[in-house]
Amino acid sequence: MTDTTSKRLAKLLAAAAMLAVCAACAAQNPKYIFFFIGDGMSVPQRMAAEEFSRKIEGRGLTINAMPVQAMLRTCPVDSLVTDSAAAATALACGVKTLNGAIGTDRHGASVESCASAARKSGRKTGIITNTTLSHATPACFFAHCKHRGQYYDIAVDLAKSGFDFFAGGGLPDHGKTNETHWAEYGDAIKLAEANGYKVVRTKNDFLALAPGCGKTLSMFSKSHMEHSLDMDRERQPTLAEMLKKAIELLDNPDGFFIMLEGGQIDFAGHGNDIGTNMRDMLAFDETVRVAQEFLEAHPGETLIAVTGDHETGGLSLGCTGAGYNFFIERVAGQTTGVDRFSNESRHMMRKRLEKGETPEFEETRDLVAKAFGFKFEGDPEKDPLVLSKSEYERIKSAFENDVEYTRSKVAETKAHDAVRKYLLASTCRSILAEKAGVSWGSAHHTALPVMATLQGAGAENFAGYMENDEFGRRMKELCAR
Ligand SMILES: [Zn+2]
């Protein structure tokens, strides 16, 4: 080898090494970061929805096909079973804390979130959810307080956050007068406006927002938004529509950080409402495809991370009556969330009783058929959605129970313990779950670990089994760079 050749070779090798280093630093420094949290989404929800999506849409879930996987232990410092606040504090801030704590450690001291770190490092920041914007999961990304119920204080922290984009439900207690900072800040929404936020309340105004519009606070409900099954799409944007708008507004050369929560998955888990849970899972999965389109256009500088915060409902794929079978496609005909069905059926009964009439089962039957996809005519041997005689009897007797209970409460405007006292909704819910081969072990959270899946720049940093706060610390590290 001549001298010149070896010099050339050395130069080439040095250039190649530099390229490799740059590729590695690019790979570890995503400019654009998507952090997706399915509330109440653990392995059972992912697997049930995987099967549901294959049967209904002919494809598996996007979130389950991502190339890097992790498994996160979820316990907070004071229990084995976490609530959403402690779980989100771990994921957002990298610190395990007490159940109920928002962005604070076990001693009550504030801890910085990855979203704040991303903002400090020059990225634009966005928060999206279909619960209230001050609910535990989103709150941990911008607020600090000891108790998740301090909605006013959380709303004030939102108004002071400086984040660029908020979209979701409302800010309950934003004008509450007896909370800590009232004298100092007054109404939290007015404070947000004073701090430069454009407040948006309709879908049309939201869709009309264009880059350069400044900081936005978009609220499509006074409280939580609706389940995917129940939402009014004329009036409210889907999670995917909210994410598309966030990308459009936040895209800039310095990058962005967007946290999107699928919060209704958890509510359907608490309600043991399988059809609603599956639809909320699909709506969440759809949002990740939106991020993937962005990743394809910005390869090497975009990270997509998807995780749950805990499991909700103790969902089992398989149940005693179904043997070794699972028929999740049978929930595809459910068109109404169980809570909404319960309200509608009780309303119907109350109206009849107030007029001095007796509610007829036939009328409610149509409502049951429409809400759950059940059939009252036909051969149950040939069509599993046709109700068997015993299922029919269970529904009818639940209806009679509810009529009697409504009659005893007809003067009252609100029923506080509807779930225990009214049986029709819970009976229909149980029959549908049995037909699908699904069972639920809890109305609350369980201690199962959650699965995280990732793709894109820096994804490999998250692989393996770890504590949820370790996952949060790794995320914060990337966001800080
Ligand atoms: Zn949660």
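Whatever order the structure lists ligands and atoms in, that order sets their numbers, starting from 1. Keep in mind that the numbers below use all heavy atoms, side chains included, and drop hydrogens, waters and symmetry copies.
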If you check every N/O/S atom of [X], which is the one nearest the Zn ion (ligand 1)?
{"X": "Asp39", "answer": "OD1"}
{"X": "His310", "answer": "NE2"}
{"X": "Asp309", "answer": "OD2"}

Write down the atom of Thr129, the atom of Leu133, and the distance for their closest heavy-atom approach. CG2-CD2, 3.9 Å
Measuring to the Zn ion (ligand 1), does Thr82 have an N/O/S atom at a distance below 2.8 Å? no
Glu241/Lys244 salt bridge by N-O under 4.0 Å criterion: no
What pairs meet the ring pair (Phe, Tyr, Trp, His ring centres under 6.0 Å) rule with one or both residues in residues 93-140, with sequence neighbours excluded? His135-His224, His135-Phe267
Pairs in or reaching into residues 79-91: which pass side chain to side chain donor-acceptor pair (under 3.5 Å), with residues at least two apart or in two chains? Asp39-Ser84, Asp83-Arg148, Ser84-Asp309, Ser84-His310
